[in-house]
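Here is the structure we will look at, set down as structure tokens.
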Amino acid sequence: MPELVITVARFGFLILLWIFVFTVVGVIRRDLFAGARSGRLVAAPRGIGASTGQPGQPGKPAKAKRGRAARQLVVTAGQLAGTRITLGDAQITIGRAEDSTLVITDDYASARHARLVPREGQWYVEDLGSTNGTYLDRAKVTGPTPVPLGVPIRIGRTSLELRP
């Protein structure tokens, strides 16, 4: 009888081991190949068709401007510094996934890191469960948070601002 218990325990352990291996492979596959779909809009880096602007000045706090609507999302720091995206009525998704509106190749960004959503003339930033978090100025974003003009949104080494 004890031999039967040991044999069943061995097979049970083997089954659990394979479930663990398949789970790990699935997570890695989903992270590596996230959003490999066509029909995506990718922000081009500076010098490849993107309009460039002045990146933000380090060391100076950004001042929020009131009374004006945001018309552009500007990358102020990171690999895509100077990239501008004209804002409309559609949400902006940010992350490493190829189907994101703004694809950033930052090691500290998740595949689907954050999104900007327009609501009643105001833009809100939401973290999409990223590993390293999304920051508005110096505060970590924990829910939909309104984004004032000129206040930096930080995702890893990349900083973004809404501009009129």
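Everything quoted here is computed from the prediction, not taken from an experiment. FYI, the numbering just counts along the sequence from 1.
The structure places CD of Gln91 at 15.0 Å from OH of Tyr124, a figure rounded to the nearest 0.5 Å.
Annotation: side chain of Tyr108 is not in contact with side chain of Ile155 (no heavy-atom distance under 4.5 Å). Between Val125 and Val117, every side-chain heavy-atom pair lies at or beyond the 4.5 Å cut-off. Ile104 places a side-chain heavy atom less than 4.5 Å from the side chain of Ile94. Two residues are said to be in side-chain contact when any heavy atoms from C-beta on lie closer than 4.5 Å; Thr76 and Pro152 fail this criterion. Put simply, the side chain of Val75 reaches to within 4.5 Å of the side chain of Leu102, judged on heavy atoms. Contact of the His113 side chain with the Thr134 side chain is registered, since non-hydrogen atoms from C-beta on lie closer than 4.5 Å.
No side-chain donor-acceptor contact under 3.5 Å links Thr145 to the backbone of Val141. Within the 3.5 Å criterion, the main-chain N or O of Thr93 finds a donor-acceptor partner in the side chain of Thr101. Not a single donor-acceptor pair under 3.5 Å links the side chain of Thr83 to the backbone N or O of Ala81.
Residues Ala97 and Arg112 approach most closely at CB-NH1, 4.0 Å, considering heavy atoms. Considering all non-hydrogen atoms of both residues, Ser100 and Ala111 come closest at OG-O, 3.8 Å. The two residues Pro146 and Gln122 have their closest heavy-atom pair at CB-NE2, 3.8 Å.
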- Query: Could you go step by step and tell me if Leu73 and Trp123 meet the side-chain contact (heavy atoms from CB on, under 4.5 Å) rule?
  - Reply: CA-CA 11 Å; Leu73 176 66; Trp123 285 87; over 6 Å; no
- Task: Take Leu87 and Leu162, measure what side-chain contact (heavy atoms from CB on, under 4.5 Å) needs, and give me the verdict at the end.
- Result: CA-CA 9 Å; Leu87 300 175; Leu162 293 178; 3.6 Å; yes
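Under the salt bridge (charged side-chain N to carboxylate O under 4.0 Å, His left out) criterion, the residue pairs touching residues 125-135 are Arg115-Glu126, Arg119-Glu126, with sequence neighbours excluded.
Between the side chains of Gln79 and Thr158, no donor N or O sits under 3.5 Å from an acceptor N or O. For the residue pair Arg163 and Gln72, no side-chain donor N or O sits within less than 3.5 Å of a side-chain acceptor on the partner.
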